[in-house]
Amino acid sequence: MSEDLKPEWSDPNNPDKFSSVIKRGQEQEGQPVTIERNTVFQKRKSMEPSIEELVDGVLSGNRGKLARAITLVESNAEQHFHKAQELLQKLLVHSGKGIRIGITGVPGAGKSTFIEAFGTYLCDLGLRVAVLAIDPSSSLSGGSILGDKTRMEQLSRNPRAFIRPSPTAGKLGGVHRKTREAMLICEAAGFDVILIETVGVGQSEVIVRDMVDFFMLLVLTGAGDELQGMKKGIMELADAVLVHKADGSNKEKAEQTRKEYSRILHFLHPATKGWSSKAYSCSSLTGEGIKEIWDVLREFEAKGKSSGVFTERRKSQQRDWIYSLISDQLHYSFFHHQEVKLKLPQLENEVMAGEITAATAVEVLFKAFLSK
C-alpha cells in the first residue's frame, strides 16, 4: 500500500475496506519541517468597518453596511457604545424624512402577512420600505427564532425592501431597546416607509406608540367577543383598527366587526389630536383594502404636517427618549456597581429566608450604590 498508513482504529484484518488513509507529509523547499515550540496561534480578527465606511455605506444604500451599522447600535458590548453614538450622530442629519408606522395585534392576527402584502404594494409604487420586525425572546434561554424573513419571503426578495428581525431582549412592550436607533439608520439610508412589527402583548405596546407617527391595530373576526376581549387602553393608542383576513366566507363577518369597532372608536379619546380614528377591513390574500390603508396614511401625514401635530409628536418622542435612556443607564450602572454586586446575593438569601423585608434590602443596596 505504498507509504500511506491506515488509522489505528481501522480493522487490521480488512485494511482495504477502510477508505481513510493517513498520507505522509512532503517537505517543500524553503518550508520549515516542524513548528517551533511555544508558538502562539491567534484567530484572525475580522476587519470591522470604520465609522466613515459605515456612514458612506448607509448613505449610498449599501445593504451590507446598513446591516453592519444596525448590528453595531444593537450591540451591548461596552467597546461598541461610543462608536455607535458617533455613527448615529453623523447620520442624524439625514434621518427623519420617512413615515414611521407601528403595527401590533394579538398573535395570529396576521401581522407579518399584512406587512408583506402592504410592503409589496408600497414597493410597487416606487417607495423603499424598511421592516423592523420584533421577535419575542425566550424568558429562559434569552434566544429568539427571528423568523420574520421566512414569513415575509416575497418581500424579503424585493430590492426596494429591507427586513431586519430583532429580539425583544426582554424589553417591555415587545420592542428591542435599540429599535429607535435602527429606525434612524434606515431613514438615513433613504427608506421612505419604516414599518415596526411588534410582538403584540397588550397595553405595554404604548412604547411603540412613543416612537412612531401612525399606530395600527390588527384584529380578527370569529375569535369570540372581540370588543369585550380587547383592552380599552390599546384601542385608545390606535390611529386605525384593521380587521384583517376579510376574504372568502369571512368577508361579511369582517364587515360587521369593522362597523362595531368604528362605533367604539367614535366614543374613545383620539390617539392623535385632530385625527378621527376609524376601523377598516382588508385582506392580504386578495389585496382588497390595501390601497385604502395607504390613502389613509397619506391623509394622516398631510393633515398632521399642516397642523403641526406631526412635528410636535416627534419632538415629544425625542424628549421621552432621553428619559428612557436615563432609566436604562441607571439600571445598568446599578447592577454593575461593585458594592451592589457583592451585597445583592446575601440580601437575596435573607429576603427569601424571611429575615428582612424586600424594601429593607433595596434600601441597603441603594445606600451602597450612592456611597461612592
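- Between Met216 and Ile293 there is a side-chain heavy-atom pair separated by less than 4.5 Å.
- Across all non-hydrogen atoms, the minimal contact from Ser75 to Lys178 is O-CE, 4.5 Å.
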Q: Show the numbers, then the answer: is there a side-chain contact (heavy atoms from CB on, under 4.5 Å) between Thr179 and Met211?
A: CA-CA 9 Å; Thr179 302; Met211 68 172 68; 3.9 Å; yes
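- Side chains of Val362 and Leu347 form no contact here, defined as non-hydrogen atoms less than 4.5 Å apart.
- Few gaps surround NZ on Lys90; more than 12 heavy atoms of other groups in view lie less than 6.0 Å from it.
- Taking the salt bridge (Lys or Arg N to Asp or Glu O under 4.0 Å) definition, one finds that Lys341 meets it with nothing, sequence neighbours left out.
- The nearest pair of heavy atoms linking Gln317 to Arg209 is NE2-O, 3.4 Å.
- The side-chain contact (heavy atoms from CB on, under 4.5 Å) with Ile185 is formed by just one residue from the set Val58, Leu72, Leu92; it is Val58.
- Using cut-offs of 30° and 60° on the angle between ring planes, the pair His336 and Tyr332 is parallel.
- Under the 4.5 Å side-chain criterion, counting only non-hydrogen atoms from C-beta, Arg100 is in contact with Leu184.
- Across all their heavy atoms, Glu116 and Leu155 have their closest contact at OE2-N, 3.0 Å.
- For the pair Lys65 (side chain) and Asp56 (backbone), a donor-acceptor distance under 3.5 Å is absent.
- In this structure, Ser277 contributes its side chain and Leu265 its backbone to no donor-acceptor pair below 3.5 Å.
- A donor-acceptor pair shorter than 3.5 Å can be found between the side chains of Ser316 and Arg319.
- Within a 6.0 Å radius of CD in Glu86, more than 12 heavy atoms belonging to other residues, nucleotides or ligands are found.
- The side chain to side chain donor-acceptor pair (under 3.5 Å) contacts involving residues 210-219 comprise Asp213-Arg314, where partners must be two or more places apart or lie in separate chains.
- Defined by atom type and a distance below 3.5 Å, a donor-acceptor pair is missing between the side-chain atoms of Glu339 and Ser371.
- Using modelled atom types, one side-chain atom of Ser60 and one backbone atom of Gly57 make a donor-acceptor pair closer than 3.5 Å.
- Shortest non-hydrogen contact noted between Phe162 and Arg63 is CA-NH2, 3.8 Å.
- No donor-acceptor pair under 3.5 Å is formed between the side chain of His244 and the backbone N or O of Val219.
- Closest heavy-atom contact between Ala238 and Leu217: CB-CB, 4.0 Å.
- The shortest non-hydrogen separation linking Arg128 to Ala189 is NH1-O, 2.8 Å.
- The backbone N or O of Cys123 sits nowhere less than 3.5 Å from a side-chain atom of Asn158 that would complete a donor-acceptor pair.
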Q.
Please determine whether side-chain hydrogen bond (donor to acceptor under 3.5 Å, both in side chains) holds for the pair Arg160 and Thr120, giving the CA-CA distance in whole Å, both sets of side-chain angles, and the decisive distance to 0.1 Å.
A. CA-CA 9 Å; Arg160 305 192 69 85; Thr120 301; over 6 Å; no
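- When hydrophobic clusters are built by joining Ile, Leu, Val, Met, Phe, Trp and Tyr residues whose side-chain heavy atoms come closer than 4.5 Å, directly or via intermediates, Leu268 is grouped together with Val241.
- By the 4.5 Å heavy-atom criterion applied to side chains, Leu344 and Phe334 are not counted as neighbours.
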Q: Please report the C-alpha distance between Ser327 and Ser324 in whole Å, then the side-chain angles of each, then the deciding distance to 0.1 Å, and finally whether the side-chain hydrogen bond (donor to acceptor under 3.5 Å, both in side chains) criterion is met.
A: CA-CA 5 Å; Ser327 298; Ser324 176; over 6 Å; no
Q.
What verdict does the side-chain hydrogen bond (donor to acceptor under 3.5 Å, both in side chains) test give for Thr272 and Asp239, after you've listed the backbone C-alpha separation in whole Å, the side-chain angles of each residue and the deciding distance to 0.1 Å?
A. CA-CA 7 Å; Thr272 302; Asp239 293 305; 2.6 Å; yes
Q: List the steps and the verdict of ring-ring contact (aromatic ring centres under 6.0 Å, His included) for Trp275 and Phe300.
A: CA-CA 7 Å; Trp275 176 258; Phe300 174 88; 5.2 Å; yes
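- Under 3.5 Å, the side chains of Gln256 and Glu260 contain no donor-acceptor pair of N or O atoms.
- Grouping the Ile, Leu, Val, Met, Phe, Trp and Tyr side chains by contacts below 4.5 angstrom, directly or via other members, places Leu297 with Leu125.
- The shortest distance between side-chain heavy atoms of Phe191 and Val129 does not fall below 4.5 Å.
- By the 4.5 Å heavy-atom criterion applied to side chains, Val351 and Glu348 are not counted as neighbours.
- A 4.5 Å side-chain heavy-atom check between Val212 and Ile196 finds at least one atom pair inside the cut-off.
- Formation of a donor-acceptor pair under 3.5 Å by the Ser262 side chain with backbone atoms of Arg258 is found in this model.
- A heavy-atom distance below 4.5 Å is found between the side chains of Cys186 and Ile70.
- Under a 4.0 Å N-O distance rule, the pair Glu288/Lys251 qualifies as a salt bridge.
- Within 6.0 Å of the CD atom in Glu255, the count of heavy atoms belonging to other residues, nucleotides or ligands exceeds 12.
- Remark: Lys83 engages Glu48 in a salt bridge (Lys or Arg N to Asp or Glu O under 4.0 Å) (not counting sequence neighbours).
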Q) How far apart are the C-alpha atoms of Thr104 and Thr198, what are their side-chain angles, what is the distance that settles it, and do they pass the side-chain hydrogen bond (donor to acceptor under 3.5 Å, both in side chains) test? A) CA-CA 5 Å; Thr104 190; Thr198 72; 2.9 Å; yes
